[in-house]
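A short worksheet on the structure shown next.
Just so you know, these numbers use all the heavy atoms, side chains as well, and skip hydrogens, waters and symmetry mates.
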Amino acid sequence: MDRTKEISGFLRSRRARITPEEAGLPSDGRVRRVPGLRRDEAARLAGVSTEYYTRLEQGRAGNPSTEVVEAIARALRLNETEREHLTDLLRSGAGARTARRAPARAQRVRPGLHLMLETLGHVPAFVLGRRTDVLASNRLARAVLTDFDALPATRRNLARYYLLDPRARERVGDWERIAAETVAILRLEAGRYPDDRQLADLVGELTLRCAEFTAWWNDHRVLRRTHGTKRYHHPLTGDLHFSYESFQVPGDAEQTLCVYNVEPGSETARALQLLDSWTAPGITASDAPRPS
């Protein structure tokens with residue numbers, strides 16, 4: 001990826017979403033050709049010169065100080081994740097001294113986490129690594145989403161499943177929202193690890209094979225996994241409603257434990273009990289009921 005274009009695209013997209021009225025700036029009567037703030041207005045709000053802000057947005061400002069980055073973030077009303085993304089982009093942009101590199105070693109899930117996934121066997125749970133790679137999953141996660149263990153190790157990836165597997169569009173409730181959020185998660189990681197060749201290859205594959213991907217990618221939205229709700233439609237049990245939580249794995253900041261919780265006694269809880277029994281070891285495909 002062209003880091004200069006990344007910096008420019010992100011800052012322009014953030015400027016475009018703020019009107020002068022929202023920023024408390026008086027109207028100057030000039031006709032606006034594009035939505036949002038102009039560069040000189042963003043510079044004024046940040047307390048820097050228009051010339052410097054222009055060079056910054058063009059990726060030609062070297063390695064700006066923390067104070068300048070914070071001023072820009074306040075002016076453009078960036079949230080915490082967007083501030084982090086801007087810092088990552090400027091660190092790896094033109095003139096920056098250092099850039100994070102994704103470790104070349106393969107990621108491994110330690111035995112204790114595998115045991116935890118089995119302990120959480122009454123709800124879907126899985127561990128994600130870099131690039132949304134699915135490093136480990138329990139039986140219910142594979143039943144609700146897809147059987148990642150049946151895929152080659154290099155293809156076990158949540159973004160690839162959501163955006164490229166035709167079954168995901170049928171199974172994932174509110175597919176467009178979930179897919180767009182997944183793209184935003186990838187974009188955050190791309191800013192953090194600009195030299196990750198595997199991530200670049202994944203982005204290239206999604207660009208070619210998912211019609212919606214380019215528009216979501218060009219939106220420059222960034223997102224971190226935290227918590228929220230998800231809905232799935234299973235062909236055997238019908239609609240499933242989850243409240244998910246994501247946790248950074250202690251001792252490895254690049255692994256995330258994702259747990260899909262359910263309300264006790266709910267329809268989803270009862271459906272998971274059925275899925276658990278139908279997918280238990282020793283149960284064959286002929287033992288499971290057919291979708292109605």
Side-chain angles (χ1 to χ4, degrees), residues 1-18 34-37 57 59 73 76-90 92-93 102 126 128-134 145-146 148 155-233 242 244 246 254 256 258 260:
M1 291 182 291
D2 186 323
R3 305 309 299 170
T4 299
K5 289 183 179 178
E6 291 296 303
I7 294 170
S8 176
F10 179 68
L11 288 176
R12 283 190 290 105
S13 70
R14 301 309 94 174
R15 278 197 292 116
R17 68 181 181 179
I18 304 174
V34 294
L37 298 174
E57 192 170 286
L76 298 182
R77 301 185 179 184
L78 305 186
N79 60 33
E80 182 178 351
T81 303
E82 291 170 331
R83 287 172 185 240
E84 177 185 335
H85 184 60
L86 177 60
T87 300
D88 287 335
L89 290 177
L90 294 174
S92 56
F126 50 93
L128 294 180
R130 297 187 297 270
R131 304 173 289 274
T132 73
D133 287 344
V134 180
L145 281 80
T146 193
F148 292 106
R155 309 299 291 178
R156 298 171 189 170
N157 180 274
L158 194 63
R160 186 177 282 113
Y161 165 66
Y162 281 149
L163 276 72
L164 299 183
D165 191 328
R167 293 167 297 183
R169 295 180 182 245
E170 300 174 359
R171 185 166 292 198
V172 179
D174 198 4
W175 177 85
E176 286 197 9
R177 176 179 67 85
I178 298 300
E181 288 179 352
T182 303
V183 173
I185 290 170
L186 287 179
R187 211 178 224 302
L188 178 65
E189 188 158 350
R192 189 180 188 200
Y193 294 121
D195 300 315
D196 187 337
R197 170 50 55 190
Q198 290 177 270
L199 176 57
D201 290 344
L202 175 61
V203 170
E205 180 183 3
L206 296 175
T207 300
L208 291 174
R209 298 182 57 196
C210 177
E212 298 89 348
F213 179 82
T214 299
W216 289 332
W217 186 259
N218 290 341
D219 186 51
H220 289 271
R221 181 187 178 193
V222 289
L223 185 69
R224 182 181 300 285
R225 301 181 203 94
T226 52
H227 56 84
T229 60
K230 285 190 177 180
R231 294 184 296 108
Y232 291 86
H233 181 82
F242 299 103
Y244 75 88
S246 300
E254 295 182 331
T256 303
C258 302
Y260 284 10

Next item on the list: State, to 0.1 Å, how close Phe213 and Leu163 come at their nearest heavy-atom pair, and which atoms those are.
Entry: CD1-CD2, 3.6 Å
Check: Distance from Thr182 atom OG1 to Leu206 atom CG, nearest 0.5 Å?
Finding: 10.0 Å
Notebook entry, point to check: What pair of heavy atoms forms the shortest contact from Gly59 to Ile7, and how long is it?
Noted result: CA-CD1, 4.1 Å
Check: So does Arg169 pair up with Glu212, basic N to acidic O under 4.0 Å?
Finding: yes
Notebook entry, point to check: So, for Phe148 and Arg156, which heavy atoms are closest and what is the spacing to 0.1 Å?
Noted result: O-NE, 3.0 Å
Notebook entry, point to check: Under the 6.0 Å and 45° cation-pi test, does Arg187 pair with Trp217?
Noted result: yes
Item checked: Closest heavy-atom pair and its distance - Leu76, Arg15 -> CD2-CG, 3.7 Å
Check: Between CD of Glu189 and CG of Leu186, what distance do you get to the nearest 0.5 Å?
Finding: 7.0 Å
Margin query: Would you call the rings of Phe126 and Tyr260 parallel, tilted or perpendicular, taking 30° and 60° as the class edges?
Written below: perpendicular
Next item on the list: Determine the interplanar angle of the Tyr232 and Phe242 rings, folded into 0 to 90°, and report it as parallel if under 30°, tilted if 30 to 60°, perpendicular if over 60°.
Entry: perpendicular
Checklist line | Euclidean distance, Thr214 OG1 relative to Leu208 CG, rounded to 0.5 Å | finding: 8.5 Å
Next item on the list: Check whether any side-chain N or O of Asn157 sits under 3.5 Å from a backbone N or O of Arg131 as a donor-acceptor pair, and report yes or no.
Entry: yes
Next item on the list: Tell me, yes or no, whether the heavy-atom count around Arg167 atom CZ, taken from other residues, nucleotides or ligands under 6.0 Å, exceeds 12.
Entry: no
Notebook entry, point to check: When rounded to the nearest 0.5 angstrom, what is the spacing between NE2 in His85 and CG in Leu223?
Noted result: 12.0 Å
Notebook entry, point to check: Does Arg225 reach the side chain of Leu128, with side-chain heavy atoms less than 4.5 Å apart?
Noted result: yes
Notebook entry, point to check: So does Arg160 pair up with Glu205, basic N to acidic O under 4.0 Å?
Noted result: yes
Note to self: If we ignore hydrogens and angles and just use 3.5 Å, is the side chain of Ser8 paired with the main-chain N or O of Thr4 as donor and acceptor?
What the structure shows: no
Check: Roughly how far, to the nearest 0.5 Å, is the CZ atom of Arg130 from the CD atom of Gln198?
Finding: 7.5 Å
Next item on the list: Please tell me if the side chains of His233 and Glu170 come closer than 4.5 Å, counting only heavy atoms from C-beta onward.
Entry: no
Check: In terms of ring plane angle, is the pair Trp216 and Trp175 parallel, tilted or perpendicular, where the classes change at 30° and 60°?
Finding: tilted
Next item on the list: Take Arg77 and Glu82 through the side-chain contact (heavy atoms from CB on, under 4.5 Å) test and state the conclusion after the steps.
Entry: CA-CA 9 Å; Arg77 301 185 179 184; Glu82 291 170 331; over 6 Å; no
Margin query: Any heavy-atom pair between the side chains of Arg192 and Leu188 that's under 4.5 Å?
Written below: no
Checklist line | Test item: Leu145 and Tyr162 side chains (from C-beta on) under 4.5 Å apart, heavy atoms | finding: yes
Next item on the list: Assess whether side-chain contact (heavy atoms from CB on, under 4.5 Å) is satisfied between Leu89 and Arg3, documenting all intermediate values.
Entry: CA-CA 7 Å; Leu89 290 177; Arg3 305 309 299 170; 2.8 Å; yes
Notebook entry, point to check: Are any non-hydrogen side-chain atoms of Phe10 and Leu78 less than 4.5 angstrom apart?
Noted result: yes
Notebook entry, point to check: Taking atom NE2 of His220 and atom CZ of Arg14, what is their separation to the nearest 0.5 Å?
Noted result: 8.0 Å
